[in-house]
Amino acid sequence: METHAYDVLVIGAGISGMQAALDLADKGYRVLVVERQASIGGTMVRLDKTFPTNDCAICIAAPKMVELARHPNITLLTSAQVEQVRGSAGSFEALIWRQTTYVDPAKCTGCGDCARACPVEVADLFNGRLSTRKAIFLQFPQAVPAVYTIDYRHCVGCGACDRACATGAIAFLQRARPLTVTVGSIVVATGFEVLEPTTLRKEYGYGRFANVLTALQYERLLSASGPTGGTLTRPSDGQPPARVAWIQCVGSRSLQGGYPYCSKICCMYATKEALITLEHAPATRATIFYMDLRAYGKEFQQFYRRAADHGVRYIRSRPAEVSENPDQSLTVSYEDTLTGTVHSETFDLLVLSTAIVPAPENRRLARALGVAVDAHGFFEPRDPLRDPLQSSRDGIFLAGGAAGPNDIADSVARASGAAARAVIPLSGRQRVTLADPLPERELAAAEPRTGVFVCSCGKNIGGFVDVPTVAAYARELPGVAFVEACTFACSEDAQRRIKAAVEANNLTRVVVAACSPITHGPLFQQTCAEVGLNPGLFEMANIRNQCSWVHSHDRRPATAKAADLVRMAVARAGQLAPLPAQHLAVTPTCLVIGGGVAGMTAAMTLADMGIDVSLVEREPALGGKLNTLATLAPGDIPASELREQLVRGVLQRPRIRLFLGAELRELSGHIGNFRAVLDEGVGGAVSALQVGAIIVATGFREADLRGRYGYGADPRVITQLELERRLRAGTLGAPRTVVMINCAGSLDAENPGCCRIGCSVAVKNAMALHRAAPGVSIFMLYQDMRVYGSGQEEYFTRMLDAVGPYRIRYDGGRPPQVTVQDRRVVVAVYDTLLREELVIEADLVVLTAALHGDADTPRLKQLLKVATDSQGFYREAHAKIRPLDFATDGIYLCGADHYPRNIPDTIAQATGAASRAAIPLLRGRVSVEPIIAEVLAERCSGCGICLPHCPYGAMSLDPARGVVAIAEVQCKGCGTCVAACPSGALQQRGFTDGQLLAMIESAWEGPGHE
Amino acid sequence: MSMTIRADSQANELLQTVEALSGQRLAACYQCGTCAATCPFVAAMDLPPDRLIQQLRFGLPGVLERRAFWVCVGCDSCAERCPRAIAVPRVMEALRLIAIRERGDRLAVAQLPAATLRDLPPIALVASLRRNTG
Amino acid sequence: MSEPFEPRILGLLCSWCAYGGADTAGVSRFQYPANIRIVRVMCSGRVDPLFVARAFEQGADGVLVAGCHPGDCHYVSGNAFAEQRFARFGRLLDFFGIDRRRLRLAWVSASEGARFAAVVSEMTEELRALGPLRMQVP
Amino acid sequence: MQLAYYPGCTIKASARQHEQAALAILRALGVELREMAEWNCCGVVHTLTSANLIRHMAPVRVLARLRQQGAHEVVTLCDMCFNTLARANLLARQQPEQFAAISASTDSELRYDGDASVLHLLQVLRDRVGLAALRARVRRPLRELRVYPYYGCKLLRPSTVGIDDPEIPTLLRDLLEALGATVIEGHLQTRCCGAYQAVDQPELVAERVTATAAQARAGGAEAIVLSCPLCHFNFDTLQPRNGAPLPVFYYTQVIGLAFGLEPEELGLETRQIDQLPPLRQRDRAQAKGGAA
Ligand SMILES: Cc1cc2nc3c(=O)[nH]c(=O)nc-3n(C[C@H](O)[C@H](O)[C@H](O)COP(=O)(O)OP(=O)(O)OC[C@H]3O[C@@H](n4cnc5c(N)ncnc54)[C@H](O)[C@@H]3O)c2cc1C
Ligand SMILES: Cc1cc2nc3c(=O)[nH]c(=O)nc-3n(C[C@H](O)[C@H](O)[C@H](O)COP(=O)(O)OP(=O)(O)OC[C@H]3O[C@@H](n4cnc5c(N)ncnc54)[C@H](O)[C@@H]3O)c2cc1C
Ligand code: SF4
Ligand code: SF4
Ligand code: SF4
Ligand code: SF4
Ligand code: SF4
Ligand code: SF4
Ligand code: SF4
Ligand code: SF4
């Protein structure tokens, strides 16, 4: 049996597994990725778009898939399972069973001839059984690896594929083989599945009625690459549905008929699906039946409002049942709980937002790994509050959805976190050193020799644009030496062909006419680099997003425009020049700003990876909110206990240098080499530090509610944080009636966001009040009960049982009124469920105040040159796939300064931020942005007009030479300065005037073209 | 209408009795409306089950004067679907029992027409008496 | 037989927002007239008025410069400079007797596919009404 | 096969046809029901509050007697009896302490500790006899008969004692299909008919049976087949008088017809046979065929 050695084993290659593997591989560790399916990608690649940004899911996932497949430090095993793991952290031995696919991956070109020949049609699981595929198949067009697989359960062994395959890739004699590997640590990223409600919630008719779908099936129905090519039709008759409804919590939040937990993402994906439905067909009536609409992430509430404003109808109700009519429409019976009336309403299509459940195989895998799963089958952290990424066995870590429902951003953050933890048992291992840049070809030829590859993207382009005509036209263009039409230019196979064409024809420029350079540019640039062409010599023409998809009704203009875009790209290609790759050495230390849970966790994680850290806390003591909070949910652990544990951990690590009572005063430099000046305040020292990366963990604060809800007017009106302080100090007294008002200062015009943790905090504190003042009556005034996080729904229902609070659902448009009337505090509120105005006399009113970023954020953001939103929370580089990075390289964020979050999420994120920051620090060098601006000194008059245009302060006037100078690592390549220069002394690499004008001038082939 | 709820008027005896008799914890109700939409007789109820529960919890007056719990036949449909596994029919039975204890039987065999008595299956008669009398 | 006038539009789009919006229009299949040819720049701040002038010279009937919404600029403030620059450049157009409607500055975010399609459709309609720009090439 | 049998009051009063038919088909299948000695009323409805424990006395007494008589299981025909006995039995198993209190207040020989099981005849047919055996015994397949099976409540709910899926039961459909009948279904099959409200709020029942019968008719059904004597009564008497009401049969009677038993053996009245035109026609056709 073969045995191979790696550093880390990653199990599962959805977005989490991919992120964990890339984070590790980028640090120089050798990673083995084991994926049970034929392609990597997981759930995300089956989605249409992603909330709340509505990014196209495959567009943002595909580049990561390709990056993973090509990473020199990653070995990918698909159609494989982990059978057994022996050993301990630092030296595990894993037995892996690789299923046979009966196709030789080395020979298969992904052409699909075999599938066309195969006579067996089977239900396509990727498309939720809404279409069929063959017994030999590719999971989806962008599959990685792009190799066909025989589904042996359905193959009849007829051999048709074998006869059709020109490369002889079919290998019926291939045998499954076991493989043993040694690794130091393991990341479990096996994600989750969605419930198919055929045994529970049968009254909704799933599996019996053709037009009742799960949300995942509906994603396929919306998807452009789905079974209907993105036209929204109902399965029974192919007609567009005029009325579509979603039922929430199908199998979730159910003590009976399902699972007790909240699946956390379905309120948002239903909202997203409804919104996209309206985009597809604005006249559709979209209705969502919900109990509590949990729109609690960053920008989620705004997204929900947008859907409501676009006409998505939200009905607060959990429908009773669904019946089918003779025309296969569906009648839903429900009570609108806000009016108290029972209705039967008919819809054409019904989507069930079914529970997120663990894969049934989790239990088997858990046995093989020797780790614990919870009652449902999700992998269980050893300590869910304090150590959410650590499984029950040392050296094995949990990423993404494997431990419970998580959206993409949280999955990615957790994956980075797990990657950081996975590094720790590897201490002392030799890392793979960074490969030198690939050798570049000689570009001796004076005339550019351009190769043009025109992609038909299956039917995505080919269906609307005459690709052969475009290719033939390209052949006639000046400088074009080679043209090829390809079916899927981004496939693995096409990369091989591009490289071969460059070699064979001695090409010096490559133009790919396909989709967007944003999503696919880097892939082709990498291909070019592999064949010795500098990435700067590559250009793309976006004939899919700009032609075929948007001019689908008329082939002629679409084709003409595609030809124009190719001509423009070729013209620009002629002007292209290599973009030099530059690297800078990195100071391998990190600055962490903020000493709360997030900052301390990040610092400790970095120290454990062997990195020196400077931890700066403004206050005289570490701990952040832990210095104020009483007990923590889940688990009712005293906050002081966690604080002591973390502080002890920080003090025990000699790599952490602590600056208390200190603030960042000045910052200059860039990734790899920042210079930070810390000021310890009056009487304290001023220190200058040299660091390679910065993690920002400055936390959050409660909004100032003075003047609202009677706050500030009477000491009996306090906030949750103040309540925590009283509970902690034991100064609560004995209130008999407590009114909690949730969403105080949230969900309104001024602050449209949802504070995400407020409902859970209120629930925890109701329990705490009940303990501290037995017999107290608690009124909870809420809009939607949005308890957030793993175990929280269960905690909420335990609280209901123990405390029996009076829950009053109020409407945001009619908020509760708090008044002080002859020394009594009175709360008046309209209960939308009772439909009564209630007047409550309270001994204590607790406001669940809106949360904002730290008060000092406006100053810090200027220093760091990063962006925030209107509530003072920092803005990440990409809401879905780069949640821990700032757009500015070398600076990372985590914890509640990004958005309010609970402690488990904060810890996961902080660990993840440490992973991100450790990449340049461990790697030891960073690359400079290749498209920076440069100064043509001979033309620069030193006028300085450009200087104020640079948002990054990258420009300065060189007093000696009287010309402008640009600090290369600081330049982000926006080109603003270039347009500002009156003497044409600035140029932007990759976007020179010459390159851009070449395109402009060829857009219509000059004025003579008519 | 505006209801004043005072700190010291919280002793909601009716709720306590109902919870004790039915063994159900009404605070657990999500107010989701599944029971109401499930009930085959909701149209005849002057207060659907979910609202009945809510009114009971808040101690609103007049619950015992309602007809709803006399309409409920204990078919268990709602109880099967309730996400919180609340046995609504037990709540209804508790209310019937309390009403009967306070105001006496709702039905007397003597009042029923002889023809009805003769034709009815015994289970109908006995069940009706069990649910309408003390 | 004379074909109806089809205006030519040059689009200068920032890579992060407007170009992303055009991509989203594609992903969402929002249809718009095929009159626009797009050139991608990293930031609307990179757009030099020279590009616009050259486009008109080369036969464009209209130019669309599009970037991130104010406050959303990926490069913090590039779009603000673009806005200033084109306010000034507009006056220059008047001087040359070019209708100001032929140059349009629009803010489109990466998720606003529908908006991008609408902007292009509107602009095409407007230019159809204005008729061809017969720039005299000196 | 021999099984102890608890009839209950209604079977002996208004649902005699059901018992007659049941005994007839079981004879044909070689199953013998032995009526328990000294049975009393089952209590009719399961008591739902903790204050009425004494009302569990009746069903417990039945089960205790059963054990005294040496039997471990008992078959019921009436859905109400089944449900009441089965729920009391469940309570005896799950909350023995409550039962201790009841037992303490009764004669000591009537101790019961929950070790009997309560069966519904439909369970016996499905799980003991088997639908295959039933199918094999069919002599006159009900090919042209279009029926709407109605489950009502007590067979299915609560699911802790129900004998089939509470939402999508299939038992009656499978059974009727085994007899060769065409089955018409709809979501009202499991909806309560109003039960004892027939006593003093018959309008509630009338509304239910009207809606259910309308659904059956819309699907093309010619008859309703059910199991519970109270449902039978309600459908039989409270369907609207105007327009021909759909006839109602016990499943035992339909099985009997398929077995080729004579209508009289099944307690079927002439009126009912007349209500089933296809049956009549088929009888005639078969009679002719038989003569030829
Ligand atoms: C209908 C729907 C809509 C959604 N919409 C959104 C949205 O709009 N925005 C958003 O942020 N999130 C959305 N999500 C959530 C998103 O899909 C998840 O956050 C994300 O996919 C989690 O990624 P993951 O890698 O943890 O798990 P997965 O994507 O499930 O990947 C797990 C991988 O592990 C593999 N695997 C499993 N078991 C094994 C094993 N034993 N051995 C080897 N491999 C194994 C699987 O094959 C799979 O490839 C949606 C989810 C659903 C269901
Ligand atoms: C009322 C309430 C109750 C809560 N209860 C729970 C609970 O029960 N369970 C749970 O999981 N979560 C709970 N949370 C959430 C929990 O408090 C957060 O998850 C956690 O505090 C976030 O940690 P952090 O380090 O990101 O931020 P913080 O705790 O806010 O820490 C930030 C730190 O950074 C410092 N800082 C800020 N700016 C600067 C600067 N410019 N320079 C230097 N230092 C700076 C601050 O002084 C502070 O020490 C609760 C939150 C609130 C408000
Ligand atoms: S190369 Fe062979 S196995 Fe691969 S897709 Fe083509 S025909 Fe199929
Ligand atoms: S051998 Fe199998 S996979 Fe190949 S064509 Fe035949 S059925 Fe399809
Ligand atoms: S409340 Fe929770 S379980 Fe229910 S739909 Fe919303 S996110 Fe899903
Ligand atoms: S257009 Fe070509 S390169 Fe782009 S996704 Fe489609 S197949 Fe891949
Ligand atoms: S209290 Fe906070 S978490 Fe709860 S709904 Fe209101 S804003 Fe959202
Ligand atoms: S290109 Fe942008 S970042 Fe670079 S120097 Fe010019 S203005 Fe500054
Ligand atoms: S048990 Fe009562 S309340 Fe519940 S559905 Fe049946 S009749 Fe209605
Ligand atoms: S179904 Fe249950 S949780 Fe829902 S309203 Fe009725 S009793 Fe409450």
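Convention: sequence-line order gives letters A, B, ...; per-chain numbering from 1.
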What part of A:His280 is in contact with chain C, defined as an atom under 4.5 angstrom from a non-hydrogen atom: side chain, backbone, both or neither?
neither
Against chain A, label C:Arg85 side chain, backbone, both or neither, depending on which of its atoms sit under 4.5 Å from a heavy atom there.
side chain
Rounded to the nearest 0.5 angstrom, the CD-CD distance for C:Glu57 and A:Glu1001 is 8.0 Å
Atom CD1 in A:Ile932, atom CE in C:Met42: separation rounded to 0.5 Å?
13.0 Å
Part of residues 118-126 of chain C lying next to chain A, heavy-atom separation under 4.5 Å:
none
So which heavy atom on A:Lys561 is nearest to which on C:Ile36, and how close?
CE-O, 2.9 Å
Least distance between heavy atoms, A:Trp1004 atom then C:Ala60 atom
CZ3-CB, 3.8 Å
Do C:Tyr75 and A:Lys972 come within less than 4.5 Å of each other through their side chains, counting heavy atoms only?
yes
Is A:Ala980 in contact with chain C via its backbone, its side chain, both, or neither, using a 4.5 Å heavy-atom distance?
both
Pairwise distance CZ(C:Phe81) to SG(A:Cys946) - rounded to 0.5 angstrom:
10.5 Å
Show your reasoning for whether salt bridge (Lys or Arg N to Asp or Glu O under 4.0 Å) applies to A:Asp993 and C:Arg46.
CA-CA 10 Å; A:Asp993 285 353; C:Arg46 170 71 184 90; 2.8 Å; yes
Any side-chain donor-acceptor pair under 3.5 Å between A:Gln546 and C:Tyr32?
no
Applying a strict 4.5 Å limit to non-hydrogen atoms, the region of A:Lys49 in contact with chain C is side chain
A:Arg544 side, atom CZ; C:Asp23 side, atom CG - distance, nearest 0.5 Å
8.5 Å
Listed partners of A:Asp48 passing side chain to side chain donor-acceptor pair (under 3.5 Å), at least two apart:
none
Any heavy-atom pair between the side chains of C:Leu50 and A:Leu997 that's under 4.5 Å?
yes
Looking only at heavy atoms, the pair that brings A:Ala979 and C:Gly45 closest together is CB-O, 3.2 Å
If you define the side chain from C-beta out and look only at heavy atoms, does anything of C:Asp48 sit under 4.5 Å from A:Val978?
no
Region of A:Ile931 that comes under 4.5 Å of a non-hydrogen atom in chain C:
side chain
Report which part of C:Val41 has an atom under 4.5 Å of a heavy atom belonging to chain A: side chain, backbone, both, or neither.
both
Is there side-chain contact between C:Arg40 and A:Phe991, with at least one heavy-atom pair below 4.5 Å?
yes
Which atom pair, heavy atoms only, marks the closest approach of C:Gly78 to A:Thr976?
CA-OG1, 3.8 Å
With respect to chain C, which residue among A:Val550, A:Asn545, A:Asn542 yields the maximal number of heavy-atom pairs within a distance under 4.5 Å?
A:Val550
Looking only at heavy atoms and a cut-off of under 4.5 Å, which of A:Cys950, A:Gly973, A:Ala558 has the most pairs with chain C?
A:Gly973
Choice from C:Leu12, C:Ile38, C:Asn35, C:Val47 maximising heavy atom contacts with chain A below 4.5 Å:
C:Ile38
Closest non-hydrogen atoms of A:Ile1000 and C:Gln58, given as atom of the first, atom of the second and distance, are O-CB, 4.5 Å
